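Quick caveat, the model's predicted, so the values are computed rather than measured. Below, read A as the first sequence line, B as the second, and so on, with proteins coming before strands; counting in each chain starts at 1.
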Protein chains: 2
Amino acid sequence: MTRPSDKPSPDPRHTLTLRDVSEASGVSEMTVSRVLRNRGDVSAPTREKVLEAARALGYVPNKIAGALASQRVNLVGVVIPSLSNMVFPEVMTGISEVLDGTGLQPVVGVTNYLPDREEAVIYEMLSWRPSGMIIAGLEHTPASRAMLARAGIPIVEIMDIDGDPINHAVGISHRRAGRQMAEAIIAAGYRKIAFLGTQMPNDFRAKKRLEGFEEALSKAGLKLVDREFYSGGSALLKGREMTAAVLDRTPDVDFLYYSNDMIGAGGLLYCLAQGLDVPGRIGLAGFNGVELLDGLPRKLATMDACRLEIGRKAARLIAEAPSEAQVEELFPTLQAGDTIRG
Amino acid sequence: MTRPSDKPSPDPRHTLTLRDVSEASGVSEMTVSRVLRNRGDVSAPTREKVLEAARALGYVPNKIAGALASQRVNLVGVVIPSLSNMVFPEVMTGISEVLDGTGLQPVVGVTNYLPDREEAVIYEMLSWRPSGMIIAGLEHTPASRAMLARAGIPIVEIMDIDGDPINHAVGISHRRAGRQMAEAIIAAGYRKIAFLGTQMPNDFRAKKRLEGFEEALSKAGLKLVDREFYSGGSALLKGREMTAAVLDRTPDVDFLYYSNDMIGAGGLLYCLAQGLDVPGRIGLAGFNGVELLDGLPRKLATMDACRLEIGRKAARLIAEAPSEAQVEELFPTLQAGDTIRG
DNA sequence: TATGGTACTGATAGCGCTAACAGCTCATGG
DNA sequence: CCATGAGCTGTTAGCGCTATCAGTACCATA
């Protein structure tokens, strides 16, 4: 499947440099540099000449050289565990939204919830000397923490505030979120409560939600009547399967708390298909407040994680670089939907 | 919400350079450089000394300087329209999978389906002199094409092959995919067929699918009995709404072809909730083969877009940089699911 | 012993750009 | 008439690293 083929570039010789533009337009490299960056005064005719020459040649500046010379890099590293669960893309949206107005540019790195991978990603990113770093979570390897702490740039840890930030932090308390959901469930009169979640030792936020959840249960003299974990595969499908398993194993269960909305949605579809009375016979709740839920036949109870706002605030911290370390706590709201009675 | 605050770094003075490591370990900068890059011969004791000094100091190399000096950058630009529709994250997975073994690193840029934005992203990326570029689609502004063509690096346009690639291309024929789906639908005996899709003038691939689809219809003497477009919002919800609208407006419609699985899933849920006989009274089909569908009560007919494989092949082209321009066509398989009768 | 190689280390010269400063020209005002 | 400064342009000196070449020491071979 090969085409006759022209090489990628009809390059006369080397790749273009400032010198080429400077020669083509008859001014010094410095003047070209000034024009191309809109910095300092350049007369209108000169500016025109330069711009035209640059355009004609198809010159693209070399930021590597520029960054080295100016000691300035307009990049912001963003380190997240995954792109495929709908929550981080929304955080990215918030970040881009704010950064767009500042000349800064996000660069994403994905860790797949692996601490060593995270360390490698952080190292790699720092080696490009970014203007700031945004990182999901508060749990990192000691080496990661050390690198970040001494990078001399603003660091924002996002999503979570239950812990000890390196520098800035923006997020919600997942422990509190879990507790709050448990309280709402108990208040609605449910007593036989099960938890269904991901089998991910490094999803600290899900873990904290569960901790908070159990804490509130035990304060009410209750404990989980069942729990079920999964890993990999289609979350929606897993939600169905896990729900089936729990209902089978613990037939008198009356509430299912899911660690995320996707498996919750699967569970909801399953319960409805089984003809179970939701929320009368059994209640359901998820976490995240993903948009997807709007399209379901019944609205799953959930808590939004303030993702957009977290992204925005984190980006703002990078852009403004306050000298004082800030911790911004956001407060998710419980959306009862149609799957908690009352 | 301000903490007592330590500044981000307890920096003694400047940020570390090779010179610091070289002084701390008593060898030349060059030797340190060799150790840190595993290049050339360095005696074991020297290597140890250097590594220890680097670790103790917390040295992180400056890739900017390194890249400038060596004229080599281990970055691959990846330009995609969106992160939020599940298809590109999977392409990214394929890319990372292959790149991981090569020392190359993907850098993602998002265009939101805006050609001007794409041009800006490409310019920005090229200014970092990456080792290659992977770009979704074959439609770009003339300036974009020109920049890419003369960048002198491997360029891979992905997803689509119905057009004229700049250099390499890996993808499927969306026109053919649309045609194929139409043929299957007609063969199953459906005759009153409607299309439901996104209102996005720059989603050329969806447009090509529709073109192929209509082409096959008209070859069978048919034409669409209705069409409905949406933009923004929860795709699942929009799917429900659009489906309701079409069923309302064109009650005798017997097939709904959706431009993506997400709205298709919404439509399916709606039809089931209405108690419609699927696929007897009405058939449905989407496009993409997203994992999500596995969790639905009934399996939506779809065609997978070979996303993982596209990512892999694109990355391989970048890594191997064949001098001949390659066009690799992949062939999606039709998954009839439970929503086309027959 | 001369010769050549191998293993290792260092000195030098940039990579392509920008910060900082040094000019030059011309208008203004004392 | 010169002093002053604004407006514009050029010169110089790196930014922190790596390619390249030039050693030095030591061993093996002829």
Review point. Roughly how bent is the helix from C/dT1-D/dA30 to C/dG30-D/dC1 end to end, in steps of 10 degrees, with each end axis from five pairs?
Key: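 Inter-axis angle at the ends, rounded: 50°.
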Suppose we screen for side chain to side chain donor-acceptor pair (under 3.5 Å). Which residues come up paired with [X], at least two apart in sequence or across chains?
X: B/Ser96; value: none
X: B/Thr141; value: B/Glu119, B/Ser144
X: A/Ser28; value: A/Thr31
X: A/Arg307; value: A/Glu90

Rounded to the Å, how far apart are [X] [atom1] and [N] [atom2]?
X: A/Arg34; N: D/dG7; atom1: CZ; atom2: P; value: 14 Å
X: B/Leu16; N: D/dC17; atom1: CG; atom2: P; value: 9 Å
X: A/Gln71; N: D/dC17; atom1: CD; atom2: P; value: 10 Å

Practice item. Using a strict 4.0 Å threshold on nitrogen-to-oxygen distance, state whether B/Asp164 and B/Arg145 make a salt bridge. Key: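 Salt bridge between B/Asp164 and B/Arg145, a charged N being under 4.0 Å from a carboxylate O: yes.
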Point to revise | Pairs where residues 16-26 of chain A contributes a residue and the test side chain to side chain donor-acceptor pair (under 3.5 Å) is met, not counting sequence neighbours | key: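 Listed by first then second residue: A/His14-A/Asp20, A/Thr17-A/Asp20, A/Arg19-A/Glu23, A/Arg19-A/Glu29.
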Review point. Any salt bridge (Lys or Arg N to Asp or Glu O under 4.0 Å) pairs touching residues 65-85 of chain B, not counting sequence neighbours?
Key: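 Listed by first then second residue: nothing to list.
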Practice item. Sorted by first residue and then second, give each salt bridge (Lys or Arg N to Asp or Glu O under 4.0 Å) pair with at least one member in residues 105-114 of chain A; sequence neighbours left out. Key: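 Sorted pair list comes back empty.
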Exercise for review: Indicate, with a heavy-atom threshold strictly under 4.0 Å, whether B/Arg72 touches base, sugar-phosphate, or nothing.
Suggested key: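 Sugar-phosphate, no base atom in range.
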Practice item. For DNA chain C, find the residues of residues 37-70 of chain B with a heavy-atom distance under 4.0 Å and give them by number; none if there aren't any. Key: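 Of all residues in residues 37-70 of chain B, the ones placing a heavy atom under 4.0 Å from DNA chain C are B/Asp41, B/Val42, B/Ser43, B/Thr46, B/Leu68, B/Ala69.
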Exercise for review: Heavy atoms of chain A, cut-off under 4.0 Å: which first and last nucleotide of DNA chain C, 5' to 3', fall inside that, if you could look?
Suggested key: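 Endpoints of the contacted stretch of DNA chain C: C/dG16 to C/dA20.
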Review point. Does B/Arg129 or B/Gly26 map to a spot on DNA chain C nearer the 5' end, using the closest nucleotide for each?
Key: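 This one resolves to B/Gly26.
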Donor-acceptor contacts under 3.5 Å from residues 100-115 of chain B side chains, at least two apart:
residue  : atom : partner  : partner atom : Å
B/Thr102 : OG1  : B/Leu99  : O            : 2.6
B/Thr102 : OG1  : B/Leu104 : N            : 3.1
B/Thr111 : OG1  : B/Tyr113 : N            : 3.3

Review point. Can you tell me how far the OG atom of B/Ser127 sits from the OH atom of A/Tyr59, to the nearest 0.5 Å?
Key: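 Going from the OG atom of B/Ser127 to the OH atom of A/Tyr59 covers 9.5 Å.
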Exercise for review: Please identify each residue that fulfils side chain to side chain contact (heavy atoms under 4.5 Å, CB included) with B/Arg312, with sequence neighbours left out.
Suggested key: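 For B/Arg312 the side chain to side chain contact (heavy atoms under 4.5 Å, CB included) partners, ignoring immediate neighbours, are B/Glu97, B/Val98, B/Leu308, B/Glu309, B/Arg316.
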